4 protein chains.
Amino acid sequence: MPKQKISEEELIWNSLKVFKRKGYHNTSMADIAEVCGLQKGSIYHHFKSKEELMKAVITTMHEHYNKEVFAYAYDERLTPEERLQKLEVYSNKIFLSSNSGCLMANIALETNDTMPEFSKLISAFFQDWINAMASIFNKKFKTEQALNLAKESVAEIEGAVMMMRIFDEQAYLARCHQRIFEKLQSDPIN
Amino acid sequence: MPKQKISEEELIWNSLKVFKRKGYHNTSMADIAEVCGLQKGSIYHHFKSKEELMKAVITTMHEHYNKEVFAYAYDERLTPEERLQKLEVYSNKIFLSSNSGCLMANIALETNDTMPEFSKLISAFFQDWINAMASIFNKKFKTEQALNLAKESVAEIEGAVMMMRIFDEQAYLARCHQRIFEKLQSDPIN
Amino acid sequence: MPKQKISEEELIWNSLKVFKRKGYHNTSMADIAEVCGLQKGSIYHHFKSKEELMKAVITTMHEHYNKEVFAYAYDERLTPEERLQKLEVYSNKIFLSSNSGCLMANIALETNDTMPEFSKLISAFFQDWINAMASIFNKKFKTEQALNLAKESVAEIEGAVMMMRIFDEQAYLARCHQRIFEKLQSDPIN
Amino acid sequence: MPKQKISEEELIWNSLKVFKRKGYHNTSMADIAEVCGLQKGSIYHHFKSKEELMKAVITTMHEHYNKEVFAYAYDERLTPEERLQKLEVYSNKIFLSSNSGCLMANIALETNDTMPEFSKLISAFFQDWINAMASIFNKKFKTEQALNLAKESVAEIEGAVMMMRIFDEQAYLARCHQRIFEKLQSDPIN
DNA sequence: GATGAATGAGGTTTCATTCAT
DNA sequence: GATGAATGAAACCTCATTCAT
């Protein structure tokens with residue numbers, strides 16, 4: 001009889017916010033329940049465990065990025081510079097909207113050595129991000145060099161987001177994007 | 001039952017390893033006790049809470065870096081390049097010795113929004129690191145530019161360490177150091 | 001595992017018995033759990049801490065007295081002597097039913113200097129008791145004298161209950177009630 | 001080699017203050033150590049357990065009362081009124097010097113049902129007190145009546161001390177002594 | 001589907017006590 | 001005698017999970 005109070009989508013996005021802020025182990029099912037307006041027990045109608053919920057959160061975020069962000073990297077109607085800018089705009093939207101950094105990085109650094117199932121999902125996400133960046137650099141650079149530039153770029157962005165959070169100083173991200181843009185416009189090494 | 005089984009120093013360094021690998025919230029006092037060969041309760045002889053222990057760990061690591069690493073950045077007998085290399089050598093020793101990344105970054109991303117006392121200590125550490133890097137760049141660049149290069153560099157290193165851990169791929173760090181070296185040798189912007 | 005095994009009312013009254021016998025600090029949540037047929041952790045479903053439980057116990061007892069005992073002191077259909085007797089009958093029922101004295105007094109003497117939240121609740125209880133007694137004496141005595149007689153009476157009863165417990169000698173209470181009766185029938189001081 | 005830092009006497013009197021204020025179970029050996037300027041472990045050179053210490057405290061207090069207070073009740077050079085006044089003076093000194101009530105009563109109400117060894121010692125104390133009072137009343141009243149008046153009086157004093165502590169209102173004790181004085185001067189029932 | 005009571009394992013912490021120095 | 005490190009039991013409390021209603 002009881003009507004559904006919240007959609008699975010919403011449940012996942014609400015949980016995401018909490019996990020991003022408080023981390024995996026410090027987030028309790030009660031915390032999740034609270035932001036969803038449910039009782040602890042009710043969450044188990046949707047996810048069979050906290051671990052499954054976290055995996056759903058990671059996966060959902062990954063799919064979202066694939067569709068809404070990384071897709072631009074492959075959009076043949078755009079120049080490489082335009083593509084890069086699209087990714088940047090989205091990055092900014094996410095990373096500047098809260099002071100809590102990047103869900104994927106936060107969870108990765110917290111659980112990389114103890115929750116292999118999360119690690120697999122998270123590295124898949126970063127792989128897709130790197131591939132997207134590489135495909136942009138590919139227009140001007142050779143495969144291997146493009147890949148390296150992509151790896152550098154993703155690493156730099158995550159480094160910048162980390163510092164941004166630690167120092168509460170937004171400039172890090174803008175300067176980082178600036179440098180990536182310069183990479184794209186630099187001369188191929190040979 | 002009596003007489004010291006472990007020095008406070010050792011206790012801290014053993015704890016550090018566990019905290020780095022498992023994070024703050026997922027490390028139990030029982031875990032700490034185990035790596036120290038003590039009973040749970042005995043740790044409270046040395047630190048009045050898990051939180052105080054974590055703070056001692058952060059502080060000890062910070063002091064260690066100040067003395068053993070950052071000090072090279074101010075060593076007038078060395079050229080800037082030599083100084084940078086000293087820092088790099090040390091970075092490698094730490095970050096390549098395990099697959100668990102950087103204690104400071106791991107704890108920062110896990111607890112930045114919930115444990116302000118840790119955040120303060122951690123940002124002080126990164127500030128000292130940035131200052132050390134800036135003092136190296138200062139030999140060739142103007143203050144502001146040197147500072148920005150220092151910030152970039154620290155962010156890049158942390159980004160590289162993160163990726164290195166996620167992908168278990170050590171190349172990230174070497175290439176990152178390479179790029180920092182190039183920054184040092186590039187022409188000042190004007 | 002699910003569905004209520006014990007009502008909150010019962011939980012409180014069962015706890016009360018243990019607290020009265022063993023005191024606050026010497027009563028463990030395990031003790032409480034045992035008399036309630038629950039697991040330790042389950043009690044936290046109903047009360048968020050041992051302290052809150054104790055406060056609920058005190059408050060419940062206070063309300064119970066207000067309704068079931070002190071009310072007689074204000075019952076206009078009864079003579080002062082009848083009112084006094086009603087209170088006495090109830091006193092006897094409580095204080096003679098076990099050898100554990102008076103919950104309020106026991107907890108007060110144990111925790112008065114360390115748990116101010118208990119002290120406030122307990123002194124409110126005694127104040128209501130004194131007011132009830134005063135309202136009986138008021139029929140024959142002036143306000144101030146009635147109040148003093150009430151204070152004396154309550155103190156005497158508590159003193160008697162204490163001695164009764166220490167010496168396991170019930171006569172104390174009966175004689176004490178006798179003296180209070182005589183006070184009521186004595187001549188007003190002027 | 002280490003010189004004695006505190007005499008056993010002092011240790012007992014210092015402990016007494018803590019036990020009176022915080023009760024038996026809520027006083028830790030660390031608390032005791034602190035007020036004695038010792039380490040926890042050192043207390044065990046003097047008393048083999050917390051329980052033994054508490055018993056020494058009770059016994060010491062009892063002996064002190066016998067010698068310094070109750071003795072006046074048997075002093076043939078004094079009138080009954082003078083004897084009573086001596087006891088009163090002493091009562092006031094003790095009970096008005098802190099807001100923590102009566103050690104014997106506090107410990108009795110906290111532990112009567114769980115620490116029979118304390119109960120025995122405490123009831124012996126109260127018995128001596130009652131006997132002392134009875135010996136005063138004996139000058140004017142018959143044995144049985146004197147005994148009852150003594151019991152009443154002690155109970156009343158303890159009741160007054162309890163109320164005094166709960167309400168932080170010193171008047172209780174003075175009025176109580178006043179009433180006891182009146183008892184002594186009233187006519188024997190005969 | 002939602003609820004809320006219950007569970008049991010495990011978390012951090014406290015504490016009386018022991019004992020080598 | 002005093003110390004301080006260690007112990008282990010037990011304290012309070014949290015939490016992921018289950019399940020009858």
Side-chain angles (χ1 to χ4, degrees), chain A residues 1-6 8 25-33 36-53, chain B residues 1-8 11 25-33 36-53, chain C residues 1-8 11 25-33 36-53, chain D residues 1-6 8 25-33 36-53:
Chain A
M1 238 138 284
K3 242 279 286 320
Q4 188 152 357
K5 297 179 77 172
I6 190 171
E8 222 141 283
H25 290 292
N26 192 36
T27 295
S28 68
M29 292 304 265
D31 291 333
I32 304 277
C36 293
L38 292 178
Q39 292 304 115
K40 262 192 311 180
S42 307
I43 298 166
Y44 290 85
H45 286 288
H46 301 279
F47 300 95
K48 78 179 224 296
S49 69
K50 187 182 170 186
E51 193 172 335
E52 290 305 313
L53 171 57
Chain B
M1 294 83 185
K3 255 339 65 153
Q4 195 153 23
K5 301 177 74 171
I6 189 172
S7 74
E8 219 142 281
L11 200 165
H25 290 292
N26 192 37
T27 295
S28 69
M29 292 307 265
D31 292 334
I32 305 277
C36 295
L38 292 178
Q39 294 301 115
K40 270 185 305 182
S42 306
I43 297 165
Y44 290 84
H45 224 307
H46 302 278
F47 301 95
K48 76 180 221 299
S49 67
K50 187 182 170 187
E51 191 171 336
E52 289 305 313
L53 171 56
Chain C
M1 295 89 182
K3 258 335 69 148
Q4 194 154 26
K5 300 177 73 171
I6 189 174
S7 74
E8 220 143 281
L11 201 165
H25 290 293
N26 191 37
T27 295
S28 70
M29 291 308 263
D31 292 334
I32 304 277
C36 294
L38 292 177
Q39 293 303 115
K40 270 186 301 185
S42 306
I43 298 165
Y44 290 86
H45 223 308
H46 302 279
F47 301 95
K48 77 179 220 299
S49 67
K50 186 182 169 185
E51 193 171 333
E52 289 305 312
L53 171 56
Chain D
M1 237 139 289
K3 242 279 288 317
Q4 188 153 357
K5 299 179 73 172
I6 189 172
E8 221 141 283
H25 290 292
N26 192 37
T27 295
S28 69
M29 291 305 263
D31 291 334
I32 304 276
C36 294
L38 292 177
Q39 293 302 117
K40 260 191 314 181
S42 307
I43 297 165
Y44 290 85
H45 287 288
H46 302 278
F47 300 95
K48 76 180 227 295
S49 69
K50 186 181 171 186
E51 192 171 336
E52 289 304 313
L53 171 56

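Chain A is the first sequence line, chain B the second, and so forth, proteins listed ahead of strands; every chain is numbered from 1. Just so it is clear, the structure is predicted and the values come from calculations on it, not from any experiment.
Between E:dG1 and A:H45, no contact under 4.0 Å exists linking OP1 or OP2 to a side-chain N or O. Of the side-chain N and O atoms in B:S42, none sit less than 4.0 angstrom from OP1 or OP2 of F:dA5. Side-chain nitrogen and oxygen atoms of B:Q39 include at least one within less than 4.0 Å of the OP1 or OP2 phosphate oxygen of F:dG8. For the OP1/OP2 pair of F:dA16 and a distance below 4.0 Å, the side-chain nitrogens and oxygens of A:K50 include at least one atom meeting the criterion. An OP1 or OP2 oxygen of E:dA2 is reached within less than 4.0 angstrom by a side-chain nitrogen or oxygen of A:H46.
Taken from CG in B:L38 to NE2 in B:H46, the straight-line distance is 6.0 Å, to the nearest 0.5 Å. For the atom pair CE of C:M29 and OG of C:S42, the computed distance is 10.5 Å after rounding to the nearest 0.5 Å. Distance check: B:E52 CD to B:I43 CD1 gives 14.5 Å after rounding to the nearest 0.5 Å. With rounding to the nearest 0.5 angstrom, the SG atom of A:C36 is 11.0 Å from the CD atom of A:E8.
Per the geometry, NZ belonging to B:K48 stands 19 Å off C1' belonging to F:dG4, to the nearest Å. In this structure, CG of A:N26 is placed 13 Å from P of F:dT14, rounded to the nearest angstrom. Going from atom OH of D:Y44 over to atom P of E:dC15 covers 12 Å, rounded to whole Å. Regarding B:L11, its CG atom lies at a distance of 11 Å from the P atom of F:dA5, rounded to whole Å. In this structure, D:E51 places its CD atom 18 Å from P of E:dC15, rounding to the nearest Å. Atom NE2 of B:H25 is separated from atom C1' of E:dT12 by 13 Å (rounded to the nearest Å). Atom CD1 in A:I32 sits roughly 15 Å away from atom C1' in F:dT17 (whole-Å rounding). Nucleotide E:dT18 holds its P atom 20 Å from the CG atom of B:L38, rounded to whole Å.
Side-chain atoms of B:K40 lie closest to E:dT12 of the nucleotides E:dT12, F:dG1, F:dT7. Considering only side-chain atoms of B:S28, the nucleotide from E:dG11, E:dT3, F:dA16 that sits closest is E:dG11.
As judged by a 4.0 angstrom heavy-atom cut-off over every strand, B:T27 is placed among residues touching the sugar-phosphate backbone only. Residue contacts shown for C:I6 are limited to sugar-phosphate atoms, with no base heavy atom under 4.0 Å away.
Residues B:L11 and B:L53 have side chains in contact (heavy-atom distance under 4.5 Å, counting atoms from C-beta outward). C:H45 has its side chain out of reach of C:Q4: every pair of non-hydrogen atoms, C-beta onward, lies at least 4.5 Å apart.
No donor-acceptor pair under 3.5 Å is formed between the side chain of C:K40 and the backbone N or O of C:S28.
Judged by closest nucleotide on DNA chain F, D:E8 is the one of D:E8 and A:S49 placed further toward the 5' end.
Across every non-hydrogen atom of B:A33 and B:Q39, the tightest pair is CB-C, 3.7 Å.
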Base-pair map of DNA chain E as dot-bracket, where | denotes pairing with a different strand and pairs are Watson-Crick or G-U under 3.5 Å: .||||||||||||||||||||
